[in-house]
Student: 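My questions all concern the structure below.
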Amino acid sequence: MVERPVLLVTGGSRGIGAAIARAAAPTYDVVVNYTSRPEAAHSVVADVIAAGSQAIAVQADVADETAVLAMFAAIDHQFGRLDVLVNNAGIAGGYGTLDIVHADMLQRLWAVNVTGAFVCAREAAARMRTDRGGRGGSIINISSKAAVLGGATEWVHYAASKGALDTMTTGLAKELALVGVRVNAVRPGLIDSDFHVHAPDGRSERVRPTVPMQRSGTPEEVAAAVLWLACSEASYVTGTFLDVTGGR
Ligand code: NAP
């Protein structure tokens with residue numbers, strides 16, 4: 001029997017991460033990371049198993065390095081391999097202009113959106129890189145079009161955290177190019193998910209007319225881009241950014 005490759009998606013219990021996990025089956029066995037909603041994560045796992053793959057849910061706050069190490073140990077134990085990491089877990093950190101920004105809020109924002117992605121990338125690459133006995137692999141960072149647009153009057157702090165993720169994507173793509181690990185990013189635009197509960201009511205309706213396609217995207221449309229970057233058809237693609245924004 002051919003062993004299925006294994007995909008880990010952080011923040012896989014809801015929204016874009018859940019769509020990635022579901023779309024990954026039956027091609028991949030799937031690790032669904034979550035932090036606070038086990039019932040949501042287990043429902044995604046059930047769907048992945050129903051589609052013919054193996055799947056587990058692993059609780060870990062990606063900002064907590066000890067918890068991340070335990071998550072990777074659980075993956076080693078359950079699957080003994082890792083082929084794709086999707087750094088998807090992310091928070092907005094608050095909604096508003098520069099006046100709402102304060103140090104505690106920024107610390108948590110960087111810890112989840114940047115530190116978490118770095119530590120997960122380090123652990124994934126250590127298992128994937130061909131010069132250390134790995135079979136190669138792919139890391140996909142879920143950035144945001146906000147990294148380019150800047151998030152003015154809404155969430156510059158959040159946009160800046162995604163800017164850091166973009167720089168990490170460029171740098172790690174070069175650093176890992178010769179050891180079989182591709183590193184890319186997807187930049188979603190306005191996507192329907194719980195993420196917008198962080199913003200005032202009506203934000204989606206307000207932003208939608210600024211989207212050339214005049215609609216928000218679905219988590220499934222983001223998932224399709226992620227899975228293309230992960231697959232062998234993208235074997236010469238690294239250090240790149242795929243916008244899923246309806247033209248915004
Ligand atoms: P969402 O619906 O709010 O889902 C967030 C997911 O992240 C949940 O599964 C949540 O787990 C998990 N999570 C949050 N903090 C975590 C932590 N510290 N450790 C581990 N998991 C954590 O958000 P989404 O819209 O799917 O967003 C996913 C990614 O896309 C984020 O990085 C976001 O910045 C990016 N993005 C979203 C949009 C958009 O319009 N929706 C646009 C651009 C970029 P629990 O269920 O356990 O809470």
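Order of appearance sets the numbers: ligands from 1, and atoms from 1 within every ligand.
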Student: Among Ile142, Thr245, Asn88, which residue places a heavy atom closest to atom 32 (O) of ligand 1?
Tutor: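 Looking at heavy atoms only, Asn88 sits closest to atom 32 (O) of ligand 1.
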
Student: Could you identify the single nearest non-hydrogen protein atom to atom 18 (N) of ligand 1 and state the distance to 0.1 Å?
Tutor: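 Its nearest protein heavy-atom neighbour is Asp61 OD1, 2.9 Å.
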
Student: For the 3.5 Å polar cut-off, considering only N or O atoms, please tell me whether Leu190 and ligand 1 meet it.
Tutor: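 Checking ligand 1 against Leu190, no N or O pair falls under 3.5 Å apart.
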
Student: Looking at ligand 1, does Ser143 have a heavy atom less than 4.0 Å from it?
Tutor: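 Contact present.
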
Student: Contact between ligand 1 and Lys162 is defined here as a heavy atom of the residue under 4.0 Å from a ligand atom; is it met?
Tutor: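 Yes, that is the case, since the closest heavy atom of the residue is under 4.0 Å from the ligand.
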
Student: Quick one: which ligand 1 atoms are inside 4.0 Å of a heavy atom on Gly90?
Tutor: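 Those qualifying, in numeric order: 31 (C), 32 (O).
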
Student: Taking only heavy atoms of Ile191, which atoms of ligand 1 are found under 4.0 Å from at least one of them?
Tutor: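 Listed by number with element, the hits are 39 (C), 40 (O), 41 (N).
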
Student: Determine whether any heavy atom of Gly217 lies closer than 4.0 Å to an atom of ligand 1.
Tutor: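 No, Gly217 has no heavy atom closer than 4.0 Å to ligand 1.
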
Student: Could you measure the distance from the OG1 atom of Thr35 to the CZ atom of Arg14? Nearest 0.5 Å is fine.
Tutor: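 The CZ atom of Arg14 is 10.0 Å from OG1 of Thr35, to the nearest 0.5 Å.
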
Student: Is the shortest distance from a Lys or Arg side-chain nitrogen in Arg215 or Glu221 to a carboxylate oxygen in the other one below 4.0 Å?
Tutor: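 Here Arg215 pairs with Glu221 in a salt bridge, since their nearest N and O are under 4.0 Å apart.
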
Student: So which heavy atom on Thr10 is nearest to which on Leu85, and how close?
Tutor: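 Closest pair (atom of Thr10, atom of Leu85, distance): CG2-CD1, 4.3 Å.
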
Student: Return the closest protein heavy atom for atom 37 (C) of ligand 1 as residue, atom name and distance.
Tutor: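 For atom 37 (C) of ligand 1, the nearest protein heavy atom is Ile16 CD1, 3.7 Å.
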
Student: For atom 10 (C) of ligand 1, what's the nearest protein heavy-atom neighbour? Residue, atom name and distance, please.
Tutor: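 The protein heavy atom lying closest is Arg14 NH2, 3.7 Å.
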
Student: With a 3.5 Å distance limit and no angle check, can you tell me whether Lys162 reaches the backbone of Ile142 through a side-chain donor-acceptor pair?
Tutor: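 Present.
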
Student: Is the shortest distance from a Lys or Arg side-chain nitrogen in Arg4 or Asp83 to a carboxylate oxygen in the other one below 4.0 Å?
Tutor: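 Not counted as a salt bridge, because no side-chain N and carboxylate O are separated by less than 4.0 Å.
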
Student: After noting the C-alpha distance and the side-chain angles of Asn141 and Ser143, does the key distance pass the side-chain hydrogen bond (donor to acceptor under 3.5 Å, both in side chains) rule?
Tutor: CA-CA 6 Å; Asn141 296 320; Ser143 173; over 6 Å; no

Student: Near Gly15, which atoms of ligand 1 are under 4.0 Å from a heavy atom of that residue?
Tutor: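 Per the distance check, 2 (O), 26 (O).
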
Student: Could you list which atoms of ligand 1 come closer than 4.0 Å to a heavy atom of Gly11?
Tutor: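 Here the atoms of ligand 1 in question are 6 (C), 7 (O), 9 (O), 12 (C), 21 (N).
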
Student: Considering only heavy atoms of Asn33, which atoms of ligand 1 have at least one such atom less than 4.0 Å away?
Tutor: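 Answer, ordered by atom number: 20 (C), 21 (N).
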
Student: Tell me whether Val58 shares a hydrophobic cluster with Val45, the cluster being built from Ile, Leu, Val, Met, Phe, Trp, Tyr side chains joined at under 4.5 Å.
Tutor: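 Cluster IDs for Val58 and Val45 differ.
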
Student: Is a side-chain donor or acceptor of Ser53 paired with a backbone partner of Tyr28 at a separation under 3.5 angstrom?
Tutor: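 The answer is yes, because a donor-acceptor pair under 3.5 Å joins these two groups.
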
Student: Where is the nearest protein heavy atom to atom 1 (P) of ligand 1: which residue, which atom, and how far?
Tutor: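 Here the closest protein heavy atom is Phe195 N, 4.0 Å.
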
Student: Give every donor-acceptor pair under 3.5 Å between a side-chain atom in residues 106-124 and any protein atom, sequence neighbours left out.
Tutor:
| unit_1 | atom_1 | unit_2 | atom_2 | d |
| --- | --- | --- | --- | --- |
| Arg108 | NH1 | Asp61 | OD2 | 3.1 |
| Arg108 | NH2 | Asp61 | OD2 | 3.0 |
| Asn113 | OD1 | Ile91 | N | 2.9 |
| Asn113 | ND2 | Ile91 | O | 2.9 |
| Asn113 | ND2 | Ser161 | OG | 3.0 |
| Thr115 | OG1 | Trp110 | O | 3.4 |
| Arg122 | NH1 | Glu65 | OE2 | 2.8 |
| Arg122 | NH2 | Glu65 | OE2 | 3.0 |
| Glu123 | OE1 | Arg127 | NH1 | 3.0 |

Student: Minimum heavy-atom separation for Ser13 to Val44, with atom names?
Tutor: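 Looking at all heavy atoms of both residues, the shortest contact is O-CG2, 3.6 Å.
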
Student: Identify, by atom number and element, the atoms of ligand 1 in contact range of Tyr158, meaning under 4.0 Å from any of its heavy atoms.
Tutor: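 So the atoms of ligand 1 that pass are 33 (C), 34 (O), 35 (C), 36 (N), 43 (C), 44 (C).
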
Student: If you have a sec, work out which protein heavy atom is nearest atom 11 (O) of ligand 1 and how many Å separate them, to one decimal?
Tutor: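 Nearest neighbour among protein heavy atoms for atom 11 (O) of ligand 1, to 0.1 Å: Ser13 OG, 3.2 Å.
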
Student: Holding to salt bridge (Lys or Arg N to Asp or Glu O under 4.0 Å), I want the full list of residues that pass it with Glu154, two or more places apart in sequence or in another chain.
Tutor: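 Salt bridge (Lys or Arg N to Asp or Glu O under 4.0 Å) check on Glu154 returns Arg203, Arg206.
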
Student: For ligand 1, which atoms sit closer than 4.0 Å to a heavy atom of Val112?
Tutor: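 Once the distances to Val112 are compared, the set is 18 (N).
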
Student: Can Thr245 and Asp243 be counted as having a side-chain donor-acceptor contact under 3.5 angstrom?
Tutor: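 There is no such pair (donor and acceptor under 3.5 Å, judged by atom type) between the side chains of Thr245 and Asp243.
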
Student: Taking both backbone and side-chain atoms of Tyr34, is any N or O found less than 3.5 Å from an N or O belonging to ligand 1?
Tutor: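 For ligand 1, there is no N or O atom that lies under 3.5 Å from one belonging to Tyr34.
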
Student: Give me the nearest non-hydrogen protein atom to atom 47 (O) of ligand 1 as residue plus atom name, then the distance to 0.1 Å.
Tutor: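 Here the nearest protein heavy atom works out to Ser36 N, 2.6 Å.
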
Student: Are the side chain of Asn184 and the backbone N or O of Ile140 linked by a donor-acceptor pair below 3.5 Å?
Tutor: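 Side chain of Asn184 to backbone of Ile140: no pair is present.
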
Student: Check contact between Arg108 and ligand 1, using heavy atoms of the residue and a distance below 4.0 angstrom.
Tutor: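 The answer is yes, since Arg108 has a heavy atom less than 4.0 Å from ligand 1.
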
Student: Considering Ser144, Gly189, Ser193, which one's heavy-atom position lies nearest to atom 38 (C) of ligand 1?
Tutor: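 Among Ser144, Gly189, Ser193, the closest heavy atom to atom 38 (C) of ligand 1 comes from Gly189.
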
Student: So for His196, does at least one of its heavy atoms come nearer than 4.0 angstrom to any atom of ligand 1?
Tutor: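 Yes; His196 lies near enough to ligand 1 that a heavy-atom distance drops under 4.0 Å.
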
Student: Mind checking whether Tyr158 and Phe195 have parallel, tilted or perpendicular rings, split at 30° and 60°?
Tutor: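 Because their plane-to-plane angle lies in the 30° to 60° range, the rings of Tyr158 and Phe195 count as tilted.
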
Student: Atom CE of residue position Met105 - does it have more than 12 heavy atoms of other residues, nucleotides or ligands inside 6.0 Å?
Tutor: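 Atom CE in Met105 is crowded, with more than 12 foreign heavy atoms closer than 6.0 Å.
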
Student: Determine, considering heavy atoms only, which of Thr35, Val9, Val207, Asp194 sits nearest to atom 14 (C) of ligand 1.
Tutor: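 That would be Thr35.
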
Student: Report the nearest protein non-hydrogen atom to atom 19 (N) of ligand 1: residue, atom name, distance rounded to 0.1 Å.
Tutor: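 Among all protein heavy atoms, the one nearest atom 19 (N) of ligand 1 is Val62 N, 3.0 Å.
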
Student: Distance-only, no hydrogens or angles: does the Asp29 side chain make a donor-acceptor pair with backbone N or O of Val6 under 3.5 Å?
Tutor: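 Checking the backbone N and O of Val6 against the side chain of Asp29, no donor-acceptor pair under 3.5 Å is found.
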
Student: Examine ligand 1 and decide if any of its atoms is less than 4.0 Å from a heavy atom belonging to Ala40.
Tutor: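 No, that is not the case, since the closest heavy atom of the residue is not under 4.0 Å from the ligand.
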
Student: Would Thr10 count as being in polar contact with ligand 1, using the rule that some N or O on each side must be under 3.5 angstrom apart?
Tutor: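 No, there is no polar N/O contact under 3.5 Å.
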
Student: Below 4.0 angstrom from a heavy atom of Ala60, which ligand 1 atoms are there? Numbered from 1 as shown, please.
Tutor: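 Here the atoms of ligand 1 in question are 19 (N), 20 (C).
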
